[in-house]
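Predicted, not measured: the structure shown is a model, and the values here were computed from it. First listed ligand is number 1; within each ligand, the first listed atom is number 1.
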Amino acid sequence: MKTRKNKKVLVIHGPNLNLLGKREVSIYGKTTLEELNTLLKKEAKKLSLSLEIFQSNSEGEIVNKINSSLGKVDFIIINPAAYTHTSIAIRDALLSVEIPIIEVHLSNIFSREEFRKKSLISDIAKGVISGLGIHSYLLALKAVKALIN
Ligand code: DQA
């Protein structure tokens with residue numbers, strides 16, 4: 001019998017998230033990016049989702065990654081980090097590929113500085129999970145599984 005291919009999810013971590021675990025620990029927590037990625041891989045396996053993880057500090061590289069996902073990825077989970085608040089290019093890239101997305105943030109962007117309350121991504125996302133630390137990502141993965149079937 002032919003087995004059905006697992007759906008593919010791309011997780012994108014934006015700038016400075018490479019420093020998780022060292023960076024502003026009181027806001028972003030002690031978990032490193034490597035530890036978070038390991039947890040995401042385990043969860044994806046449990047959910048029978050195929051997972052690719054990408055981190056970049058560069059807006060252009062994130063745009064290129066989104067562009068090259070066209071036709072290859074079923075869902076994107078993105079923490080655009082500081083680009084959340086500034087990047088029309090990332091917004092346009094997400095609109096161009098028409099892949100459903102969930103926007104995630106470790107911190108609650110609505111309880112911080114005024115400039116963080118504005119996201120250029122939220123209105124084009126299926127949903128937004130903000131403020132639950134690494135659980136924001138893990139819950140997003142569970143939501144993808146529920147939404148994709
Ligand atoms: C962040 C929130 C952003 O405002 C900030 O620039 C980040 C991380 C978060 O995950 O809480 O780098 O996206």
Side-chain angles (χ1 to χ4, degrees), residues 7-47 49-70 72-148:
K7 297 283 187 182
K8 177 151 184 195
V9 183
L10 171 66
V11 171
I12 300 177
H13 302 289
N16 302 307
L17 293 171
N18 52 310
L19 294 179
L20 272 188
K22 301 183 195 86
R23 162 193 191 208
E24 297 181 273
V25 170
S26 62
I27 298 174
Y28 299 117
K30 285 188 193 149
T31 309
T32 65
L33 188 62
E34 207 186 328
E35 289 164 345
L36 170 57
N37 288 342
T38 301
L39 291 171
L40 287 170
K41 283 177 202 160
K42 271 192 198 152
E43 189 63 28
K45 204 170 175 188
K46 262 199 237 163
L47 297 169
L49 293 169
S50 151
L51 181 70
E52 181 182 351
I53 301 175
F54 177 80
Q55 191 277 328
S56 178
N57 292 330
S58 146
E59 186 178 26
E61 279 179 13
I62 294 172
V63 168
N64 286 341
K65 187 68 195 174
I66 294 166
N67 285 184
S68 68
S69 300
L70 183 66
K72 295 186 194 142
V73 168
D74 299 294
F75 228 107
I76 294 176
I77 295 172
I78 184 165
N79 183 349
Y83 291 137
T84 306
H85 319 293
T86 63
S87 181
I88 298 170
I90 290 176
R91 178 192 172 89
D92 284 350
L94 291 167
L95 284 170
S96 304
V97 295
E98 293 183 351
I99 299 169
I101 66 162
I102 297 180
E103 175 187 348
V104 298
H105 299 283
L106 295 150
S107 66
N108 179 351
I109 57 171
F110 306 102
S111 69
R112 299 181 62 194
E113 302 95 323
E114 273 311 306
F115 66 85
R116 288 187 209 277
K117 291 182 184 161
K118 174 79 194 155
S119 164
L120 297 185
I121 310 297
S122 297
D123 66 308
I124 61 162
K126 280 250 171 228
V128 182
I129 306 176
S130 182
L132 304 179
I134 58 167
H135 302 290
S136 295
Y137 285 88
L138 293 164
L139 288 169
L141 212 45
K142 287 202 175 97
V144 166
K145 180 68 183 179
L147 293 170
I148 226 164

Name each N or O atom in ligand 1 that is under 3.5 Å from a protein N or O, and give the partner atom and the distance.
from     : atom 1 : to     : atom 2 : distance (Å)
ligand 1 : 4 (O)  : His85  : NE2    : 2.7
ligand 1 : 4 (O)  : Arg116 : NH1    : 2.9
ligand 1 : 6 (O)  : Ala82  : N      : 3.2
ligand 1 : 6 (O)  : Arg116 : NH1    : 3.1
ligand 1 : 10 (O) : Asn79  : ND2    : 2.9
ligand 1 : 10 (O) : Leu106 : N      : 2.8
ligand 1 : 11 (O) : Leu106 : N      : 3.3
ligand 1 : 11 (O) : Ser107 : N      : 2.8
ligand 1 : 11 (O) : Ser107 : OG     : 2.6
ligand 1 : 12 (O) : Arg23  : NH1    : 3.2
ligand 1 : 12 (O) : Arg23  : NH2    : 2.9
ligand 1 : 13 (O) : Asn79  : OD1    : 2.8
ligand 1 : 13 (O) : His105 : ND1    : 2.8

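Of all heavy-atom pairs between Lys7 and Ile148, the closest is CB-CD1, 3.6 Å.
Between His85 and Phe115, the two ring planes are perpendicular [angle over 60°; tilted spans 30° to 60°].
The pair Lys65-Glu52 counts as a salt bridge, with a side-chain nitrogen and a carboxylate oxygen less than 4.0 angstrom apart.
With contacts defined as side-chain heavy-atom distances shorter than 4.5 Å, the pair Leu95/Arg91 qualifies.
The closest side-chain donor-acceptor pair between Ser119 and Glu103 falls under 3.5 angstrom. No hydrogens or angles considered: a donor-acceptor pair under 3.5 Å links the side chains of Gln55 and Asn57.
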